Amino acid sequence: MGRVYTVTLNPSLDYTVSVENFRLGYTNRTVSESLTVGGKGINVSTVLKHMGMESTALGFVAGFTGQEAERQLAGRGIKSGLIAVEEGQTRINVKLQSVEGTEINGQGPKIPVEKLAQLMGMLSELTAGDVLFLSGSIPSSLPEDTYLRMMERLAEGVLTVVDVSGQGLVKALPLHPFLIKPNQHELGEIFGVTLTDRLSVIPYAKKLQGMGARNVLVSLAGEGAALLAEDGSVYEASAPEGELVNGVGAGDSMAAGFLAGWLERLDYRHAFYMGLAAGSATAFSEGLASGEKIRALYEKIARWS
Ligand SMILES: Nc1ncnc2c1ncn2[C@@H]1O[C@H](COP(=O)(O)OP(=O)(O)OP(=O)(O)O)[C@@H](O)[C@H]1O
Ligand SMILES: [Mg+2]
């Protein structure tokens with residue numbers, strides 16, 4: 001079986017704190033805190049690992065925070081191909097849990113051209129059947145078309161999963177990504193429409209497929225997801241029932257679940273259900289979903305349908 005690689009251009013250490021009665025302009029004290037490596041590609045690698053699938057995390061790290069990011073990755077049993085940048089440091093993103101959605105995200109190191117070239121060189125080594133996840137926005141110190149340039153240099157037959165929003169996504173389509181996973185807001189934004197239910201996303205998923213995407217998986221958070229598969233078949237399902245704990249990383253989990261399911265059986269329905277199960281399992285978990293939780297939800301989803 002092919003090897004799987006994820007790219008996280010600007011990983012982070014997420015300093016997640018909860019504060020009771022947070023007051024702006026005062027000294028607040030945490031009631032809990034954690035410092036955990038983050039980044040969309042690293043989330044994908046983590047969920048794949050939980051599902052028993054190896055992958056290598058690629059991207060850039062710097063400084064002592066970068067060393068800690070590497071240490072945590074090793075602790076998760078994820079192979080690292082992260083390239084160390086000499087100046088600056090891997091960013092720390094502050095997430096204030098008590099005030100839903102409040103974050104202060106750092107910038108991360110400037111990536112010198114020769115380090116980007118080094119990553120490009122690594123990508124040239126991928127061969128047919130390998131999979132490359134390109135997830136998350138491009139940091140401002142890198143060219144806007146970085147993902148396109150990466151895709152252009154891949155050998156024939158390397159499967160790509162592209163999880164970016166807006167024009168970054170649209171521009172990648174002519175290079176035939178194997179999977180794209182916009183959420184309904186990202187899909188709607190591309191076409192200037194508001195999409196709220198699973199059936200209304202299908203015509204727009206078709207447009208993206210017409211522009212070059214192979215499989216289009218549209219997620220709608222608690223409303224579930226819809227898949228327009230490469231062979232033109234459509235699958236849609238509501239999310240399984242459960243209590244939302246933390247939706248962060250649900251999309252990354254879904255992409256990981258779909259890919260793992262696809263590689264397992266080369267069957268669209270199975271891949272779709274695995275994606276749905278992984279996304280919802282993460283939404284129902286404090287951090288990223290465990291393999292156990294994903295399997296349990298998969299059984300539930302497969303049983304209803
Ligand atoms: N509240 C929820 N209840 C049940 N399932 C959920 C919920 N939120 C997310 N999910 C599951 O996770 C999948 C992906 O979620 P979502 O649409 O929020 O992705 P996203 O916006 O790309 O997330 P991300 O923040 O990771 O980029 C959904 O299709 C669904 O299966
Ligand atoms: Mg997303």
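Since this is a predicted model, take the numbers as computed values, not measurements. Note that ligands are numbered from 1 as they come in the structure, with each ligand's atoms numbered from 1 the same way. Values below: all heavy atoms of this structure, side chains included; hydrogens, waters and symmetry mates excluded.
Within ligand 1, the atoms closer than 4.0 Å to a non-hydrogen atom of Ser280 are 4 (C), 5 (N), 6 (C), 11 (C), 12 (O), 30 (C), 31 (O), numbered from 1 in the order shown. For ligand 1, the atoms closer than 4.0 angstrom to any heavy atom of Gly224 are 28 (C), 29 (O). Using a 4.0 Å cut-off to heavy atoms of Ala239, the atoms of ligand 1 that qualify are 4 (C), 5 (N). Short contacts between ligand 1 and Leu276, defined as distances under 4.0 Å to a heavy atom of the residue, involve ligand atoms 31 (O). For ligand 1, the atoms lying closer than 4.0 Å to a non-hydrogen atom of Phe284 are 3 (N), 4 (C). Taking a cut-off of under 4.0 Å to the non-hydrogen atoms of Asp252, the atoms of ligand 1 that pass are 26 (O).
With contacts defined as side-chain heavy-atom distances shorter than 4.5 Å, the pair Asp145/Lys171 does not qualify. Contact of the Leu259 side chain with the Leu179 side chain is not registered, since no non-hydrogen atoms from C-beta on lie closer than 4.5 Å.
For the 3.5 Å distance criterion, the side chains of Gln89 and Thr65 fail to qualify, holding no donor opposite an acceptor. A side-chain N or O of Ser45 and one of Ser55 form a donor-acceptor pair less than 3.5 Å apart.
Salt-bridge formation is detected for the pair Glu68/Arg71: a Lys NZ or Arg NE/NH1/NH2 atom is positioned less than 4.0 Å from an Asp or Glu carboxylate oxygen. Salt-bridge formation is detected for the pair Glu86/Lys115: a Lys NZ or Arg NE/NH1/NH2 atom is positioned less than 4.0 Å from an Asp or Glu carboxylate oxygen.
Annotation: Asn183 places an N or O atom under 3.5 Å from an N or O atom of ligand 1; distance criterion only.
Taking a 6.0 Å sphere around CD of Glu103, one finds it holds more than 12 heavy atoms contributed by other residues, nucleotides or ligands. No more than 12 heavy atoms of other residues, nucleotides or ligands lie within 6.0 Å of CD in Gln107, so this atom counts as exposed by the packing criterion.
Contacts of Lys40 with ligand 1, taken as heavy-atom pairs under 4.0 Å, involve the side chain alone. Residue Ala283 touches ligand 1 through its side chain alone, judged by heavy-atom distances below 4.0 Å. With a 4.0 Å cut-off on non-hydrogen atoms, Leu220 touches ligand 1 through its backbone and not its side chain.
By the 4.0 Å heavy-atom criterion, Lys181 is counted among the residues contacting ligand 1.
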